Amino acid sequence: MTRIGQAVMLLHGGDREEARNRFGQLWSELGEAGDAFHRCALAHYMADTQDDPGDELAWDLRALTAAAGLGEEPATGDRADGDRPDADRPDADPGDDGTADGERGAGGGAGGDRLAEAREGVPGASSVVRAFYPSLHLNLAADYLKLQRPEAARLHLDRARDAADALGDEGDVNGVRAGIDRLERQLRGR
């Protein structure tokens, strides 16, 4: 997490290219099967370094998929778009994942025990991941709006609001709520 934090500092300092390079190196080291908590955080921030809206969407979907892999789905019961094999495609449908409700367990299928063990090794990971959901869905809504897909944007904006409401006043949720309100106004203007 320290190296992710260092790259985030570069990003916030305005050096997107170097941050993207470092995030890319960390992603290569971590791999698709690495610790879900770290993949969630890394993909969440990597999305912010992308120049192409489709690439940004793909990284935000990876972050949501990793969060869902931790078994910390919000109370709204939604599933990560990344549960589908085509989720990284910017043209993938954000709604129907082709599975029946309840078909996937909280551990996300194979590897769920490994993910639970990884989560246990990160103090506070459960509440941190839960706190990510409003921001993850807000980012996805913004991505879909950039890609001129207002229906998908609306779906994730609603999920962001639901996840924020479920948190109450926990963490920095008020800043995310302000972002939700701004995006809501943008969507109404379309």
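From a predicted model like this one, the values you see are computed outputs, not experimental measurements.
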**OP:** Taking the side chain as every heavy atom from C-beta outward, state whether Arg62 and His44 have any pair of such atoms under 4.5 Å apart.
**Re:**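 Heavy-atom side-chain distance check fails, nothing below 4.5 Å.
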Original post:
Can you tell if the side chain of Pro150 reaches within under 4.5 Å of the side chain of Leu187, non-hydrogen atoms only?
Top reply: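 Yes, close enough: below the 4.5 Å cut-off.
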Nearest non-hydrogen partners of [X] and [Y], listed with the distance:
X	Y	result
Pro53	Leu147	CB-CD2, 3.7 Å
Ala66	Ala36	CB-O, 3.5 Å
Ala43	Ala63	CB-N, 3.6 Å

**OP:** Name all residues meeting the salt bridge (Lys or Arg N to Asp or Glu O under 4.0 Å) criterion together with Asp15; count only those two or more places apart in sequence or in a different chain, and write none if there are none.
**Re:**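 Asp15: no salt bridge (Lys or Arg N to Asp or Glu O under 4.0 Å) contacts found.
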**OP:** Please list, chain by chain and in numerical order, all residues satisfying salt bridge (Lys or Arg N to Asp or Glu O under 4.0 Å) with Arg188, sequence neighbours excluded.
**Re:**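 In terms of salt bridge (Lys or Arg N to Asp or Glu O under 4.0 Å), with neighbours along the sequence ignored, Arg188 is linked to Glu184.
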First locate atom [atom1] of [X], then atom [atom2] of [Y], and finally report the distance between them rounded to the nearest 0.5 Å.
X	Y	atom1	atom2	answer
Leu183	His156	CG	NE2	12.0 Å
Asn139	Leu64	CG	CG	10.5 Å
Ile4	Cys40	CD1	SG	9.5 Å
Tyr45	Leu10	OH	CG	13.5 Å
Asp181	Gln186	CG	CD	12.0 Å
Asp60	Tyr144	CG	OH	9.5 Å

Contacts of type side chain to side chain donor-acceptor pair (under 3.5 Å), residue [X], not counting sequence neighbours:
X	value
Glu56	Lys146
Glu29	Arg3, Gln25
Arg22	Glu18
Arg16	Asp51

Going by the rule side-chain contact (heavy atoms from CB on, under 4.5 Å), which residues pair with [X] if we only count those two or more places apart in sequence or in a different chain?
X	answer
Asp158	Arg154
Thr49	Leu11, Ala19, Arg20, Phe23, Met46
Ala160	His137, Leu138, Ile180

Original post:
Checking side chain to side chain contact (heavy atoms under 4.5 Å, CB included) for the pair Phe37/Met1: CA distance, chi angles, key distance, verdict?
Top reply: CA-CA 10 Å; Phe37 175 73; Met1 284 303 286; 3.8 Å; yes
**OP:** Indicate yes or no for a side-chain donor-acceptor contact from Arg39 to the backbone of Gly34 under 3.5 Å, with no hydrogens or angles considered.
**Re:**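 Checking the backbone N and O of Gly34 against the side chain of Arg39, a donor-acceptor pair under 3.5 Å is found.
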**OP:** Consider only side-chain heavy atoms of I, L, V, M, F, W and Y, link residues closer than 4.5 Å, and tell whether Met9 and Trp27 are in one cluster.
**Re:**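 Per the 4.5 Å side-chain linkage, Met9 and Trp27 are not co-clustered.
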Original post:
Under the side chain to side chain contact (heavy atoms under 4.5 Å, CB included) criterion, do Asp165 and Arg177 qualify, and how do the steps go?
Top reply: CA-CA 9 Å; Asp165 290 347; Arg177 282 191 181 109; 4.0 Å; yes
